[in-house]
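Every chain is numbered from 1 and lettered A, B, ... according to where its sequence line falls, protein lines coming before strand lines.
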Amino acid sequence: MTDIASLKRMERPAPPSGLSNALVFGWRAVLKFRHVPEQLFDLVMTPIMFTLLFTFVFGGALAGSPDDYLQFFLPGILVQTVVFNAVYSGMGLSTDFQKGLFDRFRTLPVWSLAPFAGLMVGDILRHLIAGMIILAIGLMLGYRPEAGILGVAGAFVLLLGIGFGVGWIFLVLGLLVRTPTTVMTLGFTFLFPVTFASNIMVDPATMPDWLRAFVEVNPVSLMTTAMRGLMAGTVTAAEIGRALIAPVALTVLLAPLTLILYRRK
Amino acid sequence: MKDGPSTLAPDDPAIRVRGLARSFGATQAVAGIDLDVPRGMIFAILGPNGAGKTTLLRMLATLLEPDAGEATVMGHDLRRAPHAVRGAIAMTGQFASLDEDLTGRENLIMLSRLWGFGRRAARERAADLLAAFDLADAANRQVQDYSGGMRRRLDIAASLIVTPGVLFLDEPTTGLDPSARQKVWRLIRRLAASGVTILLTTQYLEEADQLAARIAVIDHGRKIAEGTSRELKAATGSGFLHVTLADAAELERAAGMLAARLGAGVQRGAEGAVLSVMAGSPEAANAALSELIAAGIGLADFSMGTPTLDEVFFALTGGSDAPAEEAAQ
């Protein structure tokens, strides 16, 4: 029987730090992995399918042999994985708003940015886990990063930076759009052309001029070029710099916008 | 961010609202409301959907900024010290604000940790709350598998991690079955007995009647009446006569006769051939019914009863502005 008479009065403890709040939200993201392992499946299924299809179906035709193609393709599919991943965090945010969970967070005397910092923690974990799985499959299929462990580690750091930057787009969408499925539809409508019209899958040399002009400045191509360079050990500082233009610009523009939208919501 | 000391004197109300207003575009959701809620009281805000109840509550819970007016909650100024207000309140919204993917226990631990409790303290508080709210058996199940009543209880438990000075409950029993509703009512009474001030919104007259020491009736963003449930009913009239006609075609004629006989506004029900009118006394109602029957108007059903929310509105607004289709829900 409900017996709240036995419930002790509880006074408010000393206020926690913003960092501690953010870590609690990160813990929440980890719990979600445990309870909803399917979400991981969502995250890695598409890239795994892409990797297998492109390598074995198109690989021979595109690069002479599946092995050679995988060598070209894998760094790019990591970029695609992380970029697609970001859509899910926007969906998660939209769901939280729809369920009223953010109302609860906002009536707590916590650092108002903590929920977003926590989302970022969750995102980073998601990017890492998905990236590792794709890399592991690549290694099993015969992919060999010429730059070794250090190169791969560098590539993953860049990957997290990309995920962080692109993540803002979908946080903003998550704040603006009312239903999670709309976030997903909008997200993929935008991302499919942007990732396909890049150098992830094919060398743009054979594309028509107008498309090639776009592909060459497409931030996804710039990110992919730097990823390839890092994993092959041929990267230049300029390539890394160009890869970071979009993530940095997105963060500078959209982080404040996220805050404004959140405060106004 | 500075919380500052509360300037609450023992006799000061827990909530004091003066001229609070908020618009959304051209719609004025809350159009200047004054309220004083004494400490330790259950105070109900009664009104139909769209009356501005939720908007008012969300402003007081710091979720929405007012356009005008001021308010203090437990002595903290809503505009100047929202962070301090948050430290003194808890809010349970209309929809369970829980993470459905997590278990009940994890939800409570997460929120305890956000308040600043250490791991062990958070775990202990979660266990105590689960036991007190009869959720210990379901503690390790995901919230998405909870029933409506269980969710609501967990949601209220989540509002009591730190004992709040004021607890806001937005339609605490909407969508619950009668037994779950009774459970929540009992819980609310216990909470108030332990000294928590409770401000709740409801669209059910019965709920306000059962729980609240005082009721404010609001409509179109304005407070149209305030008092104890007895005072409000006295203002509305003691007995309402509800008549269902056998033939809807007689509706106009019957309405005219009732109005002439009882001298009060007759309301047409939202559906079917139903008429409601304030009768004052059973004798007067009896006389009016006899007249209908004598005139050959067939009755399918009739009853005397407490006024419905519709009828309270009708009486309080003088019948000029009854939000019939809203209140019918």
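- Applying the salt bridge (charged side-chain N to carboxylate O under 4.0 Å, His left out) rule to B:Glu207 yields no partners; only residues at least two apart in sequence or on another chain are considered.
- No side-chain donor from either of B:Thr163 and A:Arg12 sits under 3.5 Å from a side-chain acceptor of the other.
- Using a 4.5 Å heavy-atom cutoff, the side chains of A:His35 and B:Glu106 are in contact.
- Most heavy-atom pairs under 4.5 Å with chain A, from the set B:Thr62, B:Val196, B:Leu111: that is B:Leu111.
- With a threshold of 4.5 angstrom between heavy atoms, B:Gln94 does not approach chain A through any atom at all.
- A:Lys32 places a side-chain heavy atom less than 4.5 Å from the side chain of B:Leu102.
- Taking every heavy atom of both residues into account, A:Arg106 and B:Leu63 meet most closely at CB-CD2, 3.6 Å.
- Of all heavy-atom pairs between B:Ser159 and A:Arg104, the closest is OG-NH1, 2.9 Å.
- The nearest pair of heavy atoms linking B:Arg113 to A:Asn21 is O-ND2, 4.3 Å.
- A distance-only check finds no donor-acceptor pair linking the side chain of A:Arg9 to the backbone of B:Val162 [under 3.5 Å].
- Here B:Phe168 pairs with nothing under the ring-ring contact (aromatic ring centres under 6.0 Å, His included) rule; sequence neighbours left out.
- A heavy-atom distance below 4.5 Å is found between the side chains of A:Leu7 and B:Arg125.
- By the neighbour-count criterion of 12 heavy atoms within 6.0 Å, atom CD of B:Gln144 is densely surrounded, having more than that number from other residues, nucleotides or ligands.
- When B:Met110, B:Arg86, B:Glu65 are compared by the number of non-hydrogen pairs under 4.5 Å with chain A, B:Arg86 comes out ahead.
- The residues A:Arg28 and B:Asp101 are annotated as not salt-bridged, no charged nitrogen and carboxylate oxygen being separated by less than 4.0 angstrom.
- In this structure, A:Gly100 and B:Ser97 approach most closely via the heavy-atom pair O-CB, 3.0 Å.
- Shown here for B:Phe117 and A:Glu11, the closest heavy-atom pair between the two residues is CZ-O, 3.9 Å.
- The nearest pair of heavy atoms linking B:Trp115 to A:Pro13 is O-CG, 3.6 Å.
- For the pair A:Lys99 and B:Asp99, the salt-bridge criterion is not met [side-chain N within less than 4.0 Å of a carboxylate O].
- The distance from the OG1 atom of B:Thr92 to the CG atom of A:Asp103 is 11.0 Å, given to the nearest 0.5 Å.
- By the neighbour-count criterion of 12 heavy atoms within 6.0 Å, atom CD of B:Glu70 is sparsely surrounded, having that number or fewer from other residues, nucleotides or ligands.
- If you take CG on A:Leu108 and CD1 on B:Ile161, they are separated by 7.5 Å, rounding to the nearest 0.5 Å.
- Using a 4.5 Å cut-off between heavy atoms, B:Ala88 makes no contact with chain A at all.
- Between A:Lys8 and B:Glu124 there is no salt bridge, since no side-chain nitrogen of the basic residue lies less than 4.0 Å from a carboxylate oxygen of the acidic one.
- Comparing B:Leu129, B:Leu114, B:Asp155 by heavy-atom pairs within less than 4.5 Å of chain A, the highest count is held by B:Leu114.
- Atom CD1 in B:Ile109 sits 5.0 Å away from atom CH2 in A:Trp27 (nearest 0.5 Å).
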